[in-house]
Structure formats: structure tokens, C-alpha cells
Protein chains: 2
Amino acid sequence: MAKERKRSDKRVAERAKPKRPGKGAATPRPAHGSSADGPGGFVTDDRPGVVVTVDVVLLAVHDGELAVLLVERRRGPDSGAWALPGTVVGLDETLGAAAVRAVSARTGVAAPLGRLDQFATFADVDRDPRTRVVSVAFVAVASEAVPPAGGPVASGRWWAVKELHKKKGPAMAFDHRDILATGVERVRSRIEHTDLATALVDEPFTLGELRRAYEAVWGTTLGPANFRRKVLATRGFVEPTGATRMVGTGRPADLYRRGADAVLHPPMLRPASSR
Amino acid sequence: MAKERKRSDKRVAERAKPKRPGKGAATPRPAHGSSADGPGGFVTDDRPGVVVTVDVVLLAVHDGELAVLLVERRRGPDSGAWALPGTVVGLDETLGAAAVRAVSARTGVAAPLGRLDQFATFADVDRDPRTRVVSVAFVAVASEAVPPAGGPVASGRWWAVKELHKKKGPAMAFDHRDILATGVERVRSRIEHTDLATALVDEPFTLGELRRAYEAVWGTTLGPANFRRKVLATRGFVEPTGATRMVGTGRPADLYRRGADAVLHPPMLRPASSR
DNA sequence: AAAATAGTGTCTGTAAGACATTATCTA
DNA sequence: TAGATAATGTCTTACAGACACTATTTT
């Protein structure tokens, strides 16, 4: 699990406010509705408690590469490092709602969060130097079109996952590199058994587009003929629309929509070379 | 280290076990931040916080049936109901350590916890009536011999999982029925792809015993011949000892030990009838 | 000998991997 | 026309399911 220890705050910035002594019982919930970096310190007392947060690994395929949405930290000693979008969970807020809130605050879209999947909880004692922070991690996927890279989002941008694994890649905050790696592996596994990959493409889509989504996630190439056979043999995976679309040169491709079934029988096993 | 002290909380009773005598069973159920616990309480006075706990689904096969270790609640909400062994996570304690502690306090054995697997985090807002409790759930498996059912454990006992799903079965505390169901499904899936099932039997074991472990977990019957072929075709799954053992009537069975590989290639897929 | 369980061998259907062939577009 | 991509078909191999058959024990 997580091991690194970075410095500075993790979520402090999110909610960080210098202290708030004497909170009245009637006082509004500290962890609610504030966006990142707002006031509302939760840990600052002399009586520290455990802080529960969510972090979201939002993946999409951009330019044929698997990409993840990160936000740049702008305060604290870890300023300049890139982090997964996350937030403190409100006292009366579900984890899923907090995850949606964390992403929508950064991207402006709540749509892709329908595929929200809680995959692990990170709780190393020292993962945040300030206080004990337990982070419930989610993965979600977005199609290529949403949100547009370089959009109106202030501090967020898409990074090719491949770049982040390099030593010379951008610094990542806290144990987020571990969370990312675990989340990516979860998606790599889930597209084998579920129709999650169809959420990576925009409807309607061609089987070539769907295949390239698989290839981006797995980092492999797949035989177009066999891929097609397996997809069409799995009932409920995709539904033909009857229409075709020109993609450039070559024969027009048949268009499909997402099917009804979320479970793939038999699974779309990734080639042994990609494991 | 500030280990927590709990008092009225959900897992208070459980975790309090070692120091049972003298524990004040006092505080009833304080709602958010109301009742001040004694010193070190996590539900800080007028400043309510989130409590993080672990709950463990410890499974074993008893009399051919999948069984789970539960403890009877004797105080607090749902008193009289049966709960998964769990505890509040200490401020400087890892989740895994807390899970081991929760189980060892009940069973006296830390051994089976090597197979500890975090599988989900439960955090419904109202899952505990007293305060917000976020529970990180683990599964672990024990072999038939340990701990012995009806052993020295005071408030714990094994229950056939099948019984707990019946309406007339024993009441389960909080959302522990959901946690159990999710954990069981995790184990059902994990024995397909890992050698986890070998931890359900004592070494050395026969392939018949291993097969009956699979059957208990999946609730199916498997063809002995095909099961044998698949197990032996998977390198690293089991290692022959060369010895044999009489089980009763019939030909003596070859004995095996656990192999080295944790991953099964190809997977031991459960029959479609058990899904 | 009968019953019971363990172990071995064989047939068959399904599906995956490799790859050749045909179809339909642009440049 | 060549080039590119999509769609279809074929051959081979791997493996799961079913099941017949042999082996070794107790009663």
C-alpha cells in the first residue's frame, strides 16, 4: 500500500483554515461544501482526531494514452506537487457524494462519476504529516470529450499516466502515486469483466475506438479481428446502431452503443504480455 | 500513541475485551458530540468527529459449511445482536494491525491473519446511531482447526453463513449483514484467481479436502476428476508430499502442501451455476 | 463381494490466437 | 490505381465439462 511520505498537508489545504476554536454546536459542519483550500481547519486543535477523505483517480484516454486528472497544490510545503482530486468527507455526507463533489469542483462535470468505484482505503500512519488521514480511494472514467483537457478548470489538467511513472515526471503529493497505481490496476482488471471500457468512449462508437481504449488502458495492441469477434459474441456488451461512420481513410465502420449488461461472459482477458 | 479509549461506542465492547473488568459500561449512546467521553474520547465534546474502525469477516469451513466468526454484542446499540469482530483504529495504528488486534482479542490466534485482505469501506451516514463511523472491512480465512469452534472464546462463535441469510436467523448488528455478504463474495472471487483456498485447509491436505473447501465457499459441487486436473495443471498451487492418508473408507488419498505461487494461471473458474 | 473414495484416460464443445481474404472508403 | 481501415472466414490449439474406467481401501 502506500508508503511514501511527502510533506505538507494533504488535505489541509482543502479545508485548511487556521483554527477554529470554540465551535458551537449550532455551527455549520466544518467539512461540508467547502471547496479546496477554504477555511475550516479540522485538525488544528490540541485534540487531534482521524480525518476521513476521499481521493478520486479519474481516467480517460487522450491521444491514445491513458490519462489521469490531477490538480496542482498551491499552498503548503507541498506546493507545486500534483495530487488526485480529493476532499474531506462531510459529517453527513456519503463517500460517493464527497467523491462527486471533489471531482466536480475541479472539472465542472458530474456526469462521468456514474462509474464511480471505491477500490481501496489508504491509511498509512504517516501519509500526512499533520494528522492521521484515512483516505477512501475511488476510480472513475471519463470519455475522451469530457472534460476537455485544458478547459476552464483552474488548477487541474490531464497527465499521461505513463509520464507519472517516470522518475523525471512531475512530483506527486503524499502517497498519491501509490493510489494512482492501484487505481489504474483496478481499471485494467475491471475492463476484463465489466463493460467499463464503453464509458471511455463517446456514443456512438466504432469497435476500433473501443479497441483502442482497451489498448490504451492495457498498454498493448490487440488483434482487430479477434477483438471484434469477442465483443460481438458477448451479449449485452454493445448494441449496433445500424449506422456507419467514416473515420478518415478506409472502409466506414459500424457504429455501436453501450449495451445493457455490466458483466462480461466470458471475460475480455488481457493478453499475457500485458501483465 | 494515544490509543483510543472508547466507551460507548460501537466497538467499544469488543475492543475492551482484554481489559474487561472495570470497564465502565456506562455511557449509553451519545449522539453526535453530546456525551463527553472520558479523556481521549474521539467523539469530542461539542466538536463531533468521524470514527474510523475496522471489521473483519473471518471465514472457515466447518462441517462442510462456510462459517463466519461473530461476537455477541453486550452493550450499546444492537445489544444482543451478533457482530463481526472489529475495533476502533488507534491514532498511530495501521488498519492491518487493528484488524489483527480485533480478531486476536476474540480468537487468541493471530496466525490466519496473514491472509488479511482489505476489501471495502462502509460509511453510510446512519450506519451507527451514535456518531459517524467509517469502517474499513477486511476478510481473512482460517483453517478448520483454528480457532476451534466453541473454544475458550467468551463471546464469539462460528455461524454457518447460510443461517445468517435466513430471515429467522440471528440478528446482525448495524450493517454487518451487508459487510458479510460483500466479504463472502470477495472470497468467492478470490479463490478463483489466488491460492487463498489452501488457507482454508490444514496441511497436509488431500485434493478432496481442498475441493470440499471450494464447494463450501461456492455452494456447489465440483467434479472430482476435473478439479484434480485443474489443480495439478496449475504450477505452484499445491506441492505433493509423497505421503498418503486414509480418510475413512476408500483408497488412500495423496497429500499435498501449499505451493509457492499466489496467483492461479489459468483461474479456477467457478461453475456458472454458482453465480 | 459391495461400497466408497481416489486417481486416470478419453471424447467433445467452446473459445482464443494467428492469419488470410474480402469490402469500402480517401488520396 | 495504391493505401488504409473495417469486416468476415478459416485453421489450429488449449482447456473445460462430462463421463467411463481403474485402483485401493473398509465393512
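Here is the naming used below: chain letters follow the sequence lines, and residue numbers restart at 1 for every chain.
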Can you tell me the distance, in whole Å, between the [atom1] atom of [X] and the [atom2] atom of [N]?
X        : N      : atom1 : atom2 : value
A/Leu222 : C/dA16 : CG    : P     : 12 Å
B/Phe227 : D/dG17 : CZ    : P     : 12 Å
A/Arg229 : C/dA15 : CZ    : C1'   : 7 Å
A/His265 : C/dT14 : NE2   : C1'   : 15 Å
A/Asn226 : C/dT14 : CG    : P     : 18 Å
A/Leu207 : C/dA23 : CG    : C1'   : 16 Å
B/Glu192 : D/dA16 : CD    : C1'   : 14 Å
B/Arg251 : C/dG7  : CZ    : P     : 6 Å

Using a heavy-atom cut-off of under 4.0 Å over every strand shown, decide if [X] touches base, sugar-phosphate, or nothing.
X        : answer
B/Pro271 : nothing
B/Ala225 : base
B/Gly248 : sugar-phosphate

The side chain of A/Thr249 is closest to which nucleotide in this list: D/dT5, D/dT26, C/dG7? D/dT5
What nucleotide, of D/dT24, C/dA6, D/dA6, holds the atom closest to the side chain of B/Arg212? C/dA6
Quick one: the side chain of B/Asp254 and the base of C/dA6, do they pair up donor-acceptor inside 3.5 Å? no
Charged N to carboxylate O under 4.0 angstrom, B/Glu144 versus B/Arg212? no
State whether A/Glu163 and A/Lys166 are salt-bridged, where the test is any N-O pair (Lys NZ or Arg NE/NH1/NH2 against Asp/Glu carboxylate O) under 4.0 Å. yes
Looking at every non-hydrogen atom in both residues, tell me the closest pair between B/Ala142 and B/Ala60 and how far apart they are. O-CB, 3.4 Å
Ignoring backbone atoms, test whether A/Arg211 places a side-chain nitrogen or oxygen under 4.0 Å from the OP1 or OP2 oxygen of D/dA6. yes
Output yes when at least one side-chain N/O atom of B/Arg228 is less than 4.0 Å from OP1 or OP2 of C/dG7, else no. yes
